[in-house]
*Asks:* 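Sharing a structure below in structure tokens format, with a few things to ask.
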Protein chains: 2
Amino acid sequence: MDKQAITIYDVAREAKVSMATVSRVVNGNTNVRSETKQRVEEVISRLGYRPNAVARGLASRKTTTIGVIIPDVTDVYFSELARGIDDVAQMYKYQIILANSDESNSKTVEVFESLLGKQVDGILFMGNMFDDNIRAKFESSNVPVVFAGSVDATSTEASVNIDYVTAVEEVTAKLVKNKHKKVAFVSGPIEHSINQDYKLVGYKRALDAAGIEFDESLVITADYDYQSGYQLGSIVLGAKATAAVVVDDEMAAGLLNALTDAGVSVPDDFEIVTTNNSHLTVITRPQLSSITQPIYDLGAVAMRMLTKLMNDEELPIKTMILPHGYVKRGTTK
Amino acid sequence: MDKQAITIYDVAREAKVSMATVSRVVNGNTNVRSETKQRVEEVISRLGYRPNAVARGLASRKTTTIGVIIPDVTDVYFSELARGIDDVAQMYKYQIILANSDESNSKTVEVFESLLGKQVDGILFMGNMFDDNIRAKFESSNVPVVFAGSVDATSTEASVNIDYVTAVEEVTAKLVKNKHKKVAFVSGPIEHSINQDYKLVGYKRALDAAGIEFDESLVITADYDYQSGYQLGSIVLGAKATAAVVVDDEMAAGLLNALTDAGVSVPDDFEIVTTNNSHLTVITRPQLSSITQPIYDLGAVAMRMLTKLMNDEELPIKTMILPHGYVKRGTTK
DNA sequence: CTGTTAGCGCCTTCAG
DNA sequence: CTGAAGGCGCTAACAG
């Protein structure tokens, strides 16, 4: 009861050619007389021959498989990225091995190693947590890696992102312009490079530009989920903030509902801007104003870059910045 | 610039043993003197040897890789299932090749074939769309397949689900008990077996039990997303329904907001029950009452079943039914 | 245009 | 307990 009943040999015998010829037609090599090619193709479909990708991978040293490291498929932001990745991967005939890392360094190392063992042709990395150990492993491995919707200030890998600094700076400026003196920066774990080295920097720049002094107590962090956001409600209020830039839609939804439940009227008494423009932003009442970013495209472009890298092509630009925007909804005035 | 610098031969030479011995220690074969075993292990870690899974797969005919067919990673229901799958897969040292099908028959066939080509040891299928063609392919393939959170009334594959019929019957009964004569059944595509052969059946049973005649015009279908749900608002109202059982949380959120925006007060003038109890149910205002189901566990158990199948163990029960429940929130009285 | 011949890196009998 | 040898199914020169 083998997975594989018939092999290239069976086809060769049946078509009265050598296995090399069968291999040629299967791989679209043009050096085959169209007559024999047709004969082979006929036998292939008659026998239902399906090339064994494992054997092919061993012989050719290419698996047409890439590894995708994702913090959590369950996160809407990352799953949208993954969708973009998968669509262009399928387009280029690559399969995807997906592995959740939970943003844990040890798990990341583990799945990375196992991906290398599987001889993937490339790796797409999503996540914002790495230590020097991981960075070193990435750089010393011989497979191309590209970061999708994820940044590491000190990494030299290729990546696709938006300009997080400017995006956050812009929305913070909007809030400041609306006369808010105390704008909270509601963030995920501050040790994540994307928060510390990018979004927070944008936030500070806007404050600077407006001559507002940075206040550490307005930087409020928690996990990227609804419950955490909800629990932050009282903390944000306690800090006397009257507006907030939130780095995650789930958190923003939680914060919004907490404020509403506490009798704070949004946007009249408090304004909120979130960053990912996921479908959540439209489900909450009022709907969430948000930075917009082409999440799907981030994934798609990253995958496209990876195909080039795997094809030993040079990348004109290693760090790709896609355009962002802003959509005003009900949580801002 | 090979992916694989050092092979089993290198280790063998360095440790002054044959490659067979190295293979034995790598595979945990006990027939190795502990002394030589240690020597080999020392060399392995010193050289940083990492077994080539592709070569191993070719030689052993096992890839420790499974295929996961998912309608759309972006869907919260399925991504939660996928998370359960991945977690126990990692536990059993299996890798996952993920492929989106978009519930399209042609795409499903395509990814299924490509998964077989990759010599996966098993396949986990999520989705509710299949024609006889796919069914036949599943059944004639030599790799085990299990359905996770997905049903096909005429399939003989192993599967893990909840009792959709009863679950929907129960909540419909609740609504009927609240004096509603016209309860809408808001469904995804009715050609999906899960809707047609399960949930709709439960809905009808509850009606029957209450002596209410089934009214075709109260079966309202659309796509499984927020926008579709929102657009259904006027249709549901047009059908004079005063309550609805909705088969998808995104749709339910859309319907809820549409009704609210139309000035219909939920739950006073209209009651809604949804089915997946995803985090969306808690974000909407009022919060959505919902059937509860152990989505993560559905995936986890399905993966566990698959490991048994791949291990040629018999399954005591082919169709696993996990318990469901109900949580009352703000959209019901 | 087609066939022959080596491997790819590892597992797995079969001897010893 | 250990080594030798033959594949697994396919690709990739190399001849012809």
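Order of the sequence lines sets the chain letters (A, B, ...), proteins ahead of strands, with each chain counted from 1. Note that the structure is predicted; figures quoted are calculated from it, not measured. Atom set for the values below is all heavy atoms of this structure, side chains included, hydrogens, waters and symmetry mates excluded.
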*Asks:* Do the side chains of A:Arg83 and A:Asp86 get close enough for a salt bridge, i.e. N-O under 4.0 angstrom?
*Replies:*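 Salt bridge between A:Arg83 and A:Asp86, a charged N being under 4.0 Å from a carboxylate O: no.
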*Asks:* Considering only heavy atoms, which members of residues 18-27 of chain A lie under 4.0 Å from some atom of DNA chain C?
*Replies:*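 Listed by number, they are A:Ser18, A:Ala20, A:Thr21, A:Arg24.
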*Asks:* Closer than 4.0 angstrom, basic N to acidic O: yes or no for B:Glu14 and B:Arg46?
*Replies:*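 Yes, charged N to carboxylate O under 4.0 Å.
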*Asks:* Quickly work out the B:Arg61 CZ to C:dT13 C1' distance and round it to whole Å.
*Replies:*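 These atoms are roughly 15 Å apart.
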*Asks:* Quick check, are the ring centers of B:Tyr9 and B:Tyr49 under 6.0 angstrom apart?
*Replies:*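 For B:Tyr9 and B:Tyr49, the ring centres are not under 6.0 Å apart.
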*Asks:* For A:Arg56 and C:dG9, give me the distance from atom CZ to atom P, rounded to whole Å.
*Replies:*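 Answer to the nearest Å: 18 Å.
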*Asks:* Going by salt bridge (Lys or Arg N to Asp or Glu O under 4.0 Å), name the residues that satisfy it together with A:Lys137, two or more places apart in sequence or in a different chain.
*Replies:*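 Only A:Glu113 meet the salt bridge (Lys or Arg N to Asp or Glu O under 4.0 Å) criterion with A:Lys137.
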*Asks:* Who pairs with B:Phe138 by ring-ring contact (aromatic ring centres under 6.0 Å, His included), at least two apart in sequence or on another chain?
*Replies:*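 Scan of B:Phe138 (ring-ring contact (aromatic ring centres under 6.0 Å, His included), adjacent residues dropped) gives B:Phe112, B:Phe125.
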*Asks:* Tell me, please, which residues at least two apart from B:Arg33 pass side chain to side chain contact (heavy atoms under 4.5 Å, CB included).
*Replies:*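 So B:Arg33 forms a side chain to side chain contact (heavy atoms under 4.5 Å, CB included) with B:Glu35, B:Thr36.
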*Asks:* Figure out the CZ/P separation between A:Arg13 and C:dG3, and round it to whole Å.
*Replies:*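 So the CZ-P distance, A:Arg13 to C:dG3, works out to 15 Å.
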*Asks:* Looking at B:Tyr224 versus B:His192, is the centre-to-centre ring distance below 6.0 Å?
*Replies:*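 Yes, they do, as the ring centres are separated by less than 6.0 Å.
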*Asks:* In whole angstrom, what separates A:Tyr9's OH from C:dG3's P?
*Replies:*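 In whole Å, C:dG3 P lies 14 Å from A:Tyr9 OH.
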*Asks:* How would you list, by chain and number, every residue that makes a salt bridge (Lys or Arg N to Asp or Glu O under 4.0 Å) with A:Lys318, sequence neighbours excluded?
*Replies:*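 Listed in chain order: nothing, the list is empty.
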*Asks:* Report for the helix from C:dC1-D:dG16 to C:dG16-D:dC1: angle between first-end and last-end helix axes, five pairs each, rounded to 10 degrees.
*Replies:*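 So the angle between the two local helix axes works out to 30°.
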